[in-house]
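See below for the structure under consideration.
In this chain, numbering begins with 1 at the start of the sequence shown. Because the structure is predicted, anything quoted here is derived from the model rather than measured. For ligands, and for the atoms within them, numbers begin at 1 and follow the listed sequence.
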Amino acid sequence: MRIGVIGCGAIGSVIMNAISRGELKAELVGLMDIYPEKCEGLLRDFVAKNEVLVCRDLEEFLKARPQLVVEAASQQAVRDYVPKILNEGIDVVLLSVGALLDEGLYNEVVEAAKRGNAKVYIPTGAIAGIDAIKALKPLGIKRVVLRSYKNVKAFDREVLRRLGFSEVKETTKIFEGEGTVAVKLFPANVNVVATLALASGKIPWVEIYADPKYDKNVHEIEVEGEVSRICVRVENVPHPDNPRTSYLAPLSVVRLIKQLTEGSGLVIGT
Ligand SMILES: NC(=O)c1ccc[n+]([C@@H]2O[C@H](COP(=O)([O-])OP(=O)(O)OC[C@H]3O[C@@H](n4cnc5c(N)ncnc54)[C@H](O)[C@@H]3O)[C@@H](O)[C@H]2O)c1
């Protein structure tokens with residue numbers, strides 16, 4: 001499968017590494033970043049069997065003829081590129097899921113996928129349990145709660161100051177409320193909230209805790225469905241290049257691409 005990657009940061013680098021090591025049976029054909037030098041930097045360590053096009057704009061990127069594009073850039077990148085890519089009939093793995101909480105953009109993406117007969121894949125990312133949440137949804141989900149615990153450095157100092165937490169020296173609950181409010185105040189949490197909301201059809205109730213001693217990004221998820229109650233706790237090591245991104249997130253993308261590229265008779269999990 002011919003793969004193009006938008007965003008040569010923490011997630012993009014793990015995907016390229018998996019292709020380079022032969023873990024993924026895929027051919028990297030194009031890279032795009034607002035800073036093309038970042039792509040060049042990643043390519044220096046990349047063992048390429050073919051030419052990889054480094055692009056500044058979408059038109060050039062599409063000339064690489066990817067069959068699957070991984071968006072690992074930003075919400076703006078989703079707005080600017082994803083509907084156009086889907087219109088061309090190219091499938092997309094979308095990481096900046098928070099963008100889909102904007103109803104207008106969500107509809108635009110769904111329509112473009114339909115028009116282009118293309119698919120949008122949203123990986124489970126930095127959490128777990130999306131399989132069970134999807135299975136429970138038809139019988140009804142009453143409540144979804146997300147508790148996130150991160151080092152205080154993961155949060156915008158100005159936002160913390162406005163909320164009255166200028167100095168956080170021990171475990172402190174810095175937010176409790178609706179997911180829609182949480183994502184505006186704390187964009188670093190936006191993807192997990194959005195993935196849970198899309199899978200369950202419910203906006204999660206969110207609690208966020210900060211502590212200068214935390215060395216992991218921890219997410220606790222509680223889901224109350226009609227026939228099951230689910231509690232999931234994920235303790236993630238942050239990616240060394242971007243402490244806001246859990247290492248599990250790119251691993252989840254690698255797993256998804258493996259599923260898409262290696263058909264096997266045995267399918268585990270939903
Ligand atoms: N779904 C999940 O579970 C999950 C988990 C972690 C991160 N994310 C999201 O995935 C995305 C990538 O994460 P990351 O940790 O690799 O980030 P990063 O900051 O390490 O890398 C992002 C790269 O994208 C580039 N970029 C930004 N906007 C762009 C644009 N409009 N066009 C082209 N390039 C652009 C940047 O220059 C940077 O090189 C972010 O939006 C992040 O919020 C999702």
Side-chain angles (χ1 to χ4, degrees), residues 4-18 30-44 53-62 64 66 69-85 92-102 105 109 120-131 133 146 148 150 154-156 179 182-184 186-199 204 216-219 221 232 234-257:
V5 176
I6 304 178
C8 292
I11 294 180
S13 70
V14 175
I15 295 159
M16 283 182 65
N17 196 276
L31 287 174
M32 180 161 81
D33 199 292
I34 36 173
Y35 300 108
E37 61 274 17
K38 287 187 131 187
C39 307
E40 303 286 2
L42 289 186
L43 273 180
R44 272 195 279 278
L53 214 57
V54 173
C55 315
R56 281 169 194 278
D57 60 51
L58 188 65
E59 210 184 351
E60 210 184 330
F61 183 69
L62 292 177
V69 170
V70 180
E71 175 284 314
S74 62
Q75 293 196 26
Q76 192 57 44
V78 175
R79 269 182 214 103
D80 292 346
Y81 315 130
V82 169
K84 291 177 188 149
I85 296 169
V92 174
V93 177
L94 192 150
L95 266 302
S96 307
V97 203
L100 299 185
L101 287 180
D102 172 339
L105 183 57
V109 166
V120 181
Y121 297 98
I122 297 178
T124 305
I127 51 173
I130 292 298
D131 50 350
I133 295 173
L146 168 70
S148 293
K150 288 189 178 175
F155 302 102
D156 186 318
V183 298
K184 288 196 181 110
F186 304 103
N189 257 10
V190 72
N191 295 303
V192 172
V193 172
T195 305
L196 285 171
L198 291 170
K216 301 229 169 54
N217 295 341
V218 177
H219 297 296
I221 296 158
V232 174
V234 190
E235 297 183 7
N236 289 318
V237 171
H239 189 286
D241 297 341
N242 183 352
R244 286 175 187 219
T245 287
S246 300
Y247 211 102
L248 177 62
L251 295 182
S252 157
V253 181
V254 170
R255 179 61 230 176
L256 171 63
I257 298 175

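For atom 15 (O) of ligand 1, the closest heavy atom belonging to the protein is Thr245 OG1, 2.5 Å. The nearest heavy-atom contact from the protein to atom 33 (C) of ligand 1 is Ile34 N, 3.4 Å. In terms of protein heavy-atom proximity, atom 1 (N) of ligand 1 is closest to Leu95 O, 3.1 Å. Regarding atom 18 (P) of ligand 1, its nearest protein heavy-atom neighbour is Asn242 ND2, 3.6 Å. Shortest contact from atom 21 (O) of ligand 1 to any protein heavy atom: Gly9 CA, 3.2 Å.
Scanning Ile11, Val93, Val78 for the heavy atom closest to atom 16 (O) of ligand 1 points to Ile11. Checking Cys55, Gly12, Ser96 against atom 11 (C) of ligand 1, the nearest heavy atom belongs to Ser96.
When the shell of 6.0 Å around CD of Glu59 is examined, it contains 12 or fewer heavy atoms from other residues, nucleotides or ligands.
Counting the atoms of ligand 1 from 1 in the order shown, those under 4.0 Å from a heavy atom of Ala77 are 30 (C), 31 (N). Every atom of ligand 1 is numbered from 1 in the order shown, and the set under 4.0 Å from a heavy atom of Ala249 is 5 (C), 6 (C). Near Tyr81, with a cut-off below 4.0 Å to any heavy atom, the atoms of ligand 1 are 30 (C), 31 (N), 32 (N), 33 (C). The Lys38 neighbourhood of ligand 1 comprises atoms 38 (C), 39 (O), with distances under 4.0 Å to a heavy atom of that residue. If you number the atoms of ligand 1 from 1 as listed, the ones under 4.0 Å from a heavy atom of Gly7 come out as 23 (C), 24 (O). Every atom of ligand 1 with a heavy atom of Tyr35 under 4.0 Å away is listed here by number and element: 37 (O). Per-residue contacts place Val97 under 4.0 angstrom from the following atoms of ligand 1 (heavy atoms of the residue considered): 1 (N).
Side-chain atoms of Ile257 and Val70, non-hydrogen and from C-beta on, do get closer than 4.5 Å to each other.
Minimum interatomic distance between Cys8 and Asp33 (heavy atoms only, all atoms of both residues): N-OD2, 2.7 Å. Heavy atoms only, all atoms of each residue included: Leu94 and Pro123 are closest at O-CD, 3.5 Å. Of all heavy-atom pairs between Gly12 and Val5, the closest is CA-CG1, 4.1 Å. Closest approach of Pro243 to Asn217, counting heavy atoms only: O-ND2, 3.3 Å. Across all their heavy atoms, Ser96 and Glu71 have their closest contact at OG-OE2, 2.7 Å. Here the shortest heavy-atom pairing between Val190 and Gly98 reads CG2-CA, 3.7 Å.
Ligand 1 has no nitrogen or oxygen under 3.5 angstrom from a nitrogen or oxygen of Met32. The shortest N/O to N/O separation between Ala126 and ligand 1 falls below 3.5 Å. In terms of polar-atom proximity, defined here as any N/O pair under 3.5 Å, Asn191 does make such a contact with ligand 1. Here's the thing with Asp33: one of its N/O atoms is less than 3.5 angstrom from an N/O atom of ligand 1. Geometrically, ligand 1 and Gln76 share no nitrogen or oxygen pair separated by less than 3.5 Å. Looking at ligand 1, you'll find an N or O of Ala10 within less than 3.5 Å of one of its N or O atoms. Distances between N or O atoms of Ser246 and those of ligand 1 include no value under 3.5 Å. For the pair Ser74 and ligand 1, the shortest N or O to N or O distance falls below 3.5 Å. Residue Gly125 has no N or O atom closer than 3.5 Å to an N or O atom of ligand 1. Residue Gln75 has no N or O atom closer than 3.5 Å to an N or O atom of ligand 1.
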Would Leu31 and Met16 satisfy side-chain contact (heavy atoms from CB on, under 4.5 Å), going step by step from the backbone distance to the final call?
CA-CA 10 Å; Leu31 287 174; Met16 283 182 65; 3.8 Å; yes
Pair Ile122-Leu100, side-chain contact (heavy atoms from CB on, under 4.5 Å): steps then yes or no
CA-CA 11 Å; Ile122 297 178; Leu100 299 185; 3.6 Å; yes
Mind running side-chain contact (heavy atoms from CB on, under 4.5 Å) on Val69 and Phe61 for me, showing each step along the way?
CA-CA 10 Å; Val69 170; Phe61 183 69; 3.7 Å; yes
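Between Tyr247 and His239, the angle of the ring planes stays under 30°, which puts this pair in the parallel group of the 30/60° scheme.
For the pair Asn191 (side chain) and Val97 (backbone), a donor-acceptor distance under 3.5 Å is present.
Partner Leu95 forms a side chain to side chain contact (heavy atoms under 4.5 Å, CB included) with one of Ile6, Thr245, Ile15, Ile11 and no other, that one being Ile11. A side chain to side chain contact (heavy atoms under 4.5 Å, CB included) with Ile127 is found for one member of Val232, Asn236, Ile133, Leu196 and no other, namely Leu196.
Asp80 does not count as a contact of ligand 1, since none of its heavy atoms falls under 4.0 Å from the ligand. Under a 4.0 angstrom heavy-atom cut-off, Asp241 registers as lying outside contact with ligand 1.
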